[in-house]
Amino acid sequence: YSSSGAIFTAESVVSGSAQPIRPYYAEIRGLVSGCSQAITAGYGSIFTGTVIGCSQAFYQNPRDIISGIVLGCTYAIQYCAGSTLNNSKFIGCQFGIAYTSAIKASSATICASTFGIYNSSTDNANIYIHSTQYDTAFCVGTLINSLLSDTIESYGYNLSVNKATYFDSFDHDQVAGSFRAWTLGGITSSNTSEKPTGRTRSYQSVCQSATYPCWHQREILVEAGRQVRIRVWGKADAGVTYKAQLVLPTDDPLVTGSGSGEWEQTMTADGSWYEYKTAWTNTATYPVTIYLRFLATAASGNAYCDFQWAFDRSPSRR
């Protein structure tokens, strides 16, 4: 069936067809089973039904809202850029989400899979993954309040040839304030035991490469004409090269391969905490995003940081 604006119910879905539903701005309810590509080549539809035993449950179907259940398919979602998951459940599929960019999720569960999320990008997605061999693999983007409950949280983070590849998780494993980031040079995690005096936590980078940095960052949106004032605390093992930077997305040293951003501070690496301060003014006539970034490089070793910023005389943010 090919449709625009139609509503598919259980009675109107054919089982066992190659491509039974090709929806455009349609609403899909009921059951789809035993198909090659169950819901494919559509756009912007709403799904609240169930897909069982198909090769690809959703295939090349961007901008969908998916609230139903997918059981025992090879791929639950494949090539569905910009889709949103809302109380979705993908159970017993080899791939939960695959080859999909900018996937959003208010809530979703992926379980009993080989790959929870594979070769995809997440856009502030809230996903619970469990009983899965690889929770994520070759992913970029951001998770929010997600639970990665298996042994391998992020496979392949250190196999990329692109040192700008970045995947992070806020309120990691559904713990308020917890953070984790995976980059080519290592993993950064929040740490509440090793921190500057008077601070709540630090961010520990565990270095794994003498060539590529283990890094993490925060995005700061600075309104036109405003100044942001920044305090940074840093501590690193001897032998670790540890830097703090302010970087514009339009001139990123990790992308261009040269430069040091709008500001760079090489931090003392002797196992003690040090504090540094800087300020940056947005001289543009429009809001500008700038990254506060920390990069630690060593074959092995640890680096820690914390940070705080304020706009002009406005209250500080963390």
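These numbers were taken from a predicted model, which means no experiment stands behind them.
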- Could you please spell out the steps behind the side chain to side chain donor-acceptor pair (under 3.5 Å) verdict for Ser106 and Asn86? CA-CA 5 Å; Ser106 58; Asn86 180 31; 2.9 Å; yes

- Test item: Asn61 side-chain N/O and Ala41 main-chain N/O as donor-acceptor pair under 3.5 Å: yes

- Task: Could you tell me whether a side-chain N or O of Ser146 sits under 3.5 Å from a main-chain N or O of Ile127, the two making a donor and an acceptor?
- Result: yes

- Hey, is the main chain of Ala164 close enough, under 3.5 Å, to the side chain of Asn162 for a donor-acceptor pair? yes

- Task: Among Thr84, Asn126, Asp123, find the residue that satisfies the side chain to side chain donor-acceptor pair (under 3.5 Å) test when tested with Lys104.
- Result: Asp123

- May I ask you to check whether Ser189 and Arg180 show a side-chain donor-acceptor distance below 3.5 Å? yes

- Message: Any side-chain to backbone donor/acceptor pair from Asn282 onto Arg226? Under 3.5 Å, distance only.
- Response: no

- Give a yes/no verdict on a cation-pi contact between Arg231 and Trp309, requiring under 6.0 Å between NZ or CZ and the six-membered ring centre and an angle within 45° of the axis. no

- Does Leu85 offer a backbone N or O that forms a donor-acceptor pair with the side chain of Ser88 under 3.5 Å? no

- Message: Checking side-chain polar atoms at under 3.5 Å, does Asn191 have a donor or acceptor matched by the opposite partner on Ser202?
- Response: no

- Under the 3.5 angstrom rule, does the side chain of Thr132 hit a backbone N or O of His130 as a donor-acceptor pair? yes

- Task: Check whether the side chains of Gln204 and Asn302 place a donor and an acceptor atom closer than 3.5 Å, and report yes or no.
- Result: yes

- Item | side chain to side chain contact (heavy atoms under 4.5 Å, CB included) between Phe58 and Val70, intermediate numbers included | CA-CA 9 Å; Phe58 294 84; Val70 179; 4.0 Å; yes

- Query: So, Thr100 side chain and Cys80 main chain: donor-acceptor pair closer than 3.5 Å or not?
  - Reply: yes

- Ignoring hydrogens and angles, state whether a donor on the side chain of Asn124 or Thr142 is under 3.5 Å from an acceptor on the partner side chain. no

- Item | Parallel, tilted or perpendicular: rings of Tyr43 and Tyr25 (30°, 60°) | perpendicular

- Please check if Phe307 and Met267 belong to a single hydrophobic cluster, counting links between Ile, Leu, Val, Met, Phe, Trp and Tyr side chain heavy atoms closer than 4.5 Å. yes

- Item | Lys/Arg-Asp/Glu bridge criterion (N-O < 4.0 Å) met for Asp306, Lys235 | no

- Task: Check whether any side-chain N or O of Thr48 sits under 3.5 Å from a backbone N or O of Ser67 as a donor-acceptor pair, and report yes or no.
- Result: no

- Look at the aromatic rings of Tyr118 and Tyr99 and report parallel, tilted or perpendicular, splitting at 30° and 60°. perpendicular

- Item | Interatomic distance, Thr256 atom OG1 to Asp251 atom CG [nearest 0.5 angstrom] | 5.5 Å

- Which value, rounded to the nearest 0.5 Å, describes the distance between Ile290 atom CD1 and Glu219 atom CD? 11.5 Å

- Message: Evaluate Trp182 against Tyr166 for ring pair (Phe, Tyr, Trp, His ring centres under 6.0 Å), listing each step before the verdict.
- Response: CA-CA 6 Å; Trp182 298 267; Tyr166 188 68; 9.3 Å; no

- Message: Between Asp64 (side chain only) and Ser83 (backbone N and O only), is there a donor and an acceptor less than 3.5 Å apart?
- Response: no

- Message: How about OH on Tyr291, more than 12 heavy atoms from neighbouring residues, nucleotides or ligands closer than 6.0 Å, or not?
- Response: yes

- Flag, side chain of Ser113 to backbone of Gln94, donor-acceptor distance under 3.5 Å: no

- Give me the one residue out of Tyr203, Trp273, Tyr304 that meets side chain to side chain donor-acceptor pair (under 3.5 Å) with Glu194. Trp273

- Do Asp270 and Tyr274 get their side chains close enough for a donor-acceptor pair, meaning under 3.5 Å? yes

- Item | Criterion salt bridge (Lys or Arg N to Asp or Glu O under 4.0 Å) on Asp168 and Arg218, from CA distance to verdict | CA-CA 10 Å; Asp168 63 6; Arg218 288 290 189 276; 5.7 Å; no

- Message: Applying side chain to side chain contact (heavy atoms under 4.5 Å, CB included) to Ile117 and Thr122, what does each step give before you reach the verdict?
- Response: CA-CA 9 Å; Ile117 310 174; Thr122 56; 4.2 Å; yes

- Message: Less than 6.0 angstrom separating the ring centers of Phe179 and Phe170, yes or no?
- Response: yes

- So, do Phe167 and Tyr157 have ring centers that fall under 6.0 Å from each other? no

- Task: Mark yes when over 12 heavy atoms from residues, nucleotides or ligands other than Lys195 sit less than 6.0 Å from its NZ; otherwise mark no.
- Result: yes

- Could you tell me whether Phe294 and His216 have their ring centroids closer than 6.0 angstrom? yes

- Message: Do Thr268 and Tyr276 have side chains that approach each other closer than 4.5 Å (heavy atoms only, starting at C-beta)?
- Response: yes

